[in-house]
Protein chains: 2
Amino acid sequence: MNLNKNSKRRKELVAIAARLFCDQGYESTTVRMLADAMGIKSGSLFHHFSDKQEILYAVIESGMLHAMEIARQTLASARTSKEKLHALARAHLSTLLEDRDAHVVAIYEWRSLTQESRDLLVELRDAYETSWREVISECHEAGLIKGDQGLQRRLALGALNWTVQWYHPDGELTPDDLAQELVAMVLREPSAV
Amino acid sequence: MNLNKNSKRRKELVAIAARLFCDQGYESTTVRMLADAMGIKSGSLFHHFSDKQEILYAVIESGMLHAMEIARQTLASARTSKEKLHALARAHLSTLLEDRDAHVVAIYEWRSLTQESRDLLVELRDAYETSWREVISECHEAGLIKGDQGLQRRLALGALNWTVQWYHPDGELTPDDLAQELVAMVLREPSAV
DNA sequence: GTCTATATTCTGATAGAC
DNA sequence: GTCTATCAGAATATAGAC
């Protein structure tokens, strides 16, 4: 098996798998369907991945790494704690939209990962959520909001993650509108939209 | 095949299927596993359901019908528009917890339904969400909140539905705490928890 | 309403040639 | 790195006896 996890070819294959897993679900997508979409035969697939589950892992991992990178970049240009909260919300929505396949797969196909894969990805997710923890904590210290920080973080991330169920970026509502409304809700400010 | 959809026996079988679909996912649950858990042989299962997908449909439909009934009951004893919003949030959480299997399945296994089944269930969901539409509209008319009503409804329902990912009712946070915090967020009031 | 037995198709994965 | 060919098992669903 090819072990080079950063090859351009592998990234292409992972993106193709993400689309199929997103559209049809992991279990319903066969290795033959994956191979077809990749333009190779099913036997050749196992030159790139040791088994089907490893493809699922690669899809979810790529989505999470990308999300962390976008959050890091967006956060860098934010000053106040409110700006930081808005930056995180906007970054979260950006990755949900730009990298939608991988994130839908992460949400829906978690159960099909082996325990070992889950443990590795939980570490990544915790690292990502630490940014949210820190920024919400800052908002509390700045007196912008009171109450249970963990609960507020979970409700906010839940509302954002659920957008994959209904949000279509070609409508009237822009991702920035959405991020603003979410921040307004969390900070108990009047609706901005 | 037995066509009596309201028989007690069928309800038992549907509840058993809900548990397995919730724990292992629809595609990973075989008809043999279902039959085992039901105490019958796999061939006998097709006396009760015409195919596997019909079991999935029955699981999700039962969860939705139950949710609608609970919402109707809880709403009946609410007076002000704020009380009604809180009632809907509490009812939503109650069904998510009491009927967790069916709702987890509804969230995760939607893709495995036939288009026909999806269309039928979308009607049920729309009927359910109409309660939310009406109550949020009332809150706007009462001047409790301004802005995009559809967006507020979706963010609220998203935050609530996402609770299946993290909420465990045996912790310190009660379902009522959760409902209160959500209402406070939607109505932009100070945190109640 | 449940059983046994089985038809039929599909599944993930492997071996070895090129 | 991709191919062909195939293994071994598992999947849903059916048929007919009881």
Side-chain angles (χ1 to χ4, degrees), chain A residues 1-60 105 109-118, chain B residues 1-21 23-60 105 108-109 111-117:
Chain A
M1 188 194 57
N2 184 354
L3 292 174
N4 182 3
K5 293 209 170 185
N6 291 320
S7 76
K8 190 183 166 194
R9 178 69 173 142
R10 187 179 162 111
K11 278 183 181 155
E12 286 171 6
L13 300 183
V14 169
I16 290 168
R19 201 186 64 242
L20 294 188
F21 289 164
C22 174
D23 289 347
Q24 335 205 26
Y26 171 75
E27 297 287 351
S28 302
T29 305
T30 67
V31 293
R32 283 168 179 80
M33 296 162 79
L34 289 167
D36 271 0
M38 292 167 180
I40 55 179
K41 299 295 175 183
S42 66
S44 310
L45 192 55
F46 293 93
H47 174 76
H48 300 279
F49 305 94
S50 64
D51 57 24
K52 192 186 171 192
Q53 190 266 172
E54 190 182 287
I55 311 178
L56 177 61
Y57 177 85
V59 166
I60 300 179
V105 171
E109 310 297 350
W110 192 259
R111 265 182 312 209
S112 294
L113 293 164
T114 62
Q115 187 59 50
E116 191 186 354
S117 295
R118 272 202 285 264
Chain B
M1 187 196 54
N2 185 355
L3 292 175
N4 180 2
K5 294 211 171 189
N6 290 319
S7 75
K8 189 183 164 193
R9 176 70 173 143
R10 187 179 161 110
K11 279 183 181 155
E12 286 171 5
L13 299 183
V14 169
I16 290 167
R19 202 185 64 242
L20 294 189
F21 288 164
D23 289 347
Q24 334 205 27
Y26 171 75
E27 296 287 353
S28 302
T29 304
T30 68
V31 293
R32 278 171 241 272
M33 294 163 81
L34 290 168
D36 272 359
M38 293 166 178
I40 56 180
K41 298 295 176 183
S42 67
S44 309
L45 194 54
F46 293 92
H47 175 75
H48 300 277
F49 305 93
S50 64
D51 57 23
K52 191 186 172 191
Q53 190 265 170
E54 191 181 287
I55 312 179
L56 177 61
Y57 177 85
V59 165
I60 299 179
V105 170
Y108 285 108
E109 310 296 349
R111 267 178 312 205
S112 294
L113 293 164
T114 62
Q115 187 59 51
E116 191 187 355
S117 294

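Lettering follows sequence order; numbering is per chain, from 1.
- To the nearest angstrom, P of C/dT11 lies 10 Å from CD of B/Glu27.
- Applying the side-chain hydrogen bond (donor to acceptor under 3.5 Å, both in side chains) rule to A/Thr114 yields the partners A/Gln53, A/Ser117; only residues at least two apart in sequence or on another chain are considered.
- OP1 or OP2 of D/dT14 has not a single side-chain nitrogen or oxygen of B/His47 nearer than 4.0 Å.
- At the phosphate of D/dG1, neither OP1 nor OP2 sits under 4.0 Å from any side-chain N or O atom of A/Ser44.
- Comparing the start and finish of the helix from C/dG1-D/dC18 to C/dC18-D/dG1, five pairs each, the helix axis swings through 10°, to the nearest 10 degrees.
- Listed by chain and residue number, A/Glu109 satisfy the side-chain hydrogen bond (donor to acceptor under 3.5 Å, both in side chains) test with B/Arg111 (two or more places apart in sequence, or in another chain).
- Between B/Arg10 and C/dG1 there is no side-chain N or O to OP1 or OP2 distance below 4.0 Å.
- Computed from coordinates, the A/Lys8 NZ to D/dG1 P distance equals 14 Å when rounded to whole Å.
- Remark: B/Arg19 engages no residue in a side-chain hydrogen bond (donor to acceptor under 3.5 Å, both in side chains) (not counting sequence neighbours).
- Note: CG (B/Leu45) to C1' (C/dT4) measures 16 Å, nearest angstrom.
- Atom-to-atom, NE2 of B/His48 to C1' of C/dG1 comes out at 6 Å; the value is rounded to the nearest Å.
- With sequence neighbours left out, B/Arg32 forms a side-chain contact (heavy atoms from CB on, under 4.5 Å) with B/Thr30, B/Ser42.
- Distance, B/Glu12 CD to C/dG1 C1': 14 Å, rounded to whole Å.
- The nearest whole Å value for the distance from the CZ atom in B/Phe46 to the C1' atom in D/dT14 is 9 Å.
- Between the A/Thr29 side chain and the A/Gly25 main chain, a donor and an acceptor come within less than 3.5 Å of each other.
- With D/dT14, C/dA13, C/dT2 as the candidates, the nucleotide lying closest to the side chain of B/Arg9 is C/dT2.
- Scored by the salt bridge (charged side-chain N to carboxylate O under 4.0 Å, His left out) test, A/Arg118 finds no partners at all (sequence neighbours excluded).
- Taking atom NZ of residue A/Lys52 and atom P of nucleotide D/dA10, one finds them 16 Å apart after rounding to whole Å.
- A cation-pi arrangement, defined by a distance under 6.0 Å to the six-membered ring centre and an angle within 45 degrees of its axis, is absent between B/Lys52 and B/Tyr57.
- Remark: B/Ser28 pairs with A/Glu27 by the side-chain contact (heavy atoms from CB on, under 4.5 Å) rule, at least two apart or across chains.
- Looking at which nucleotide of DNA chain C each of A/Ser28 and A/Gly43 is closest to, the 5′-most match is held by A/Ser28.
- Taking B/Gln24 as the reference, nothing meets the side-chain hydrogen bond (donor to acceptor under 3.5 Å, both in side chains) condition, with sequence neighbours excluded.
- Within residues 29-42 of chain B, the residues approached by DNA chain C to less than 4.0 Å at the level of any non-hydrogen atom are B/Ile40, B/Lys41, in residue-number order.
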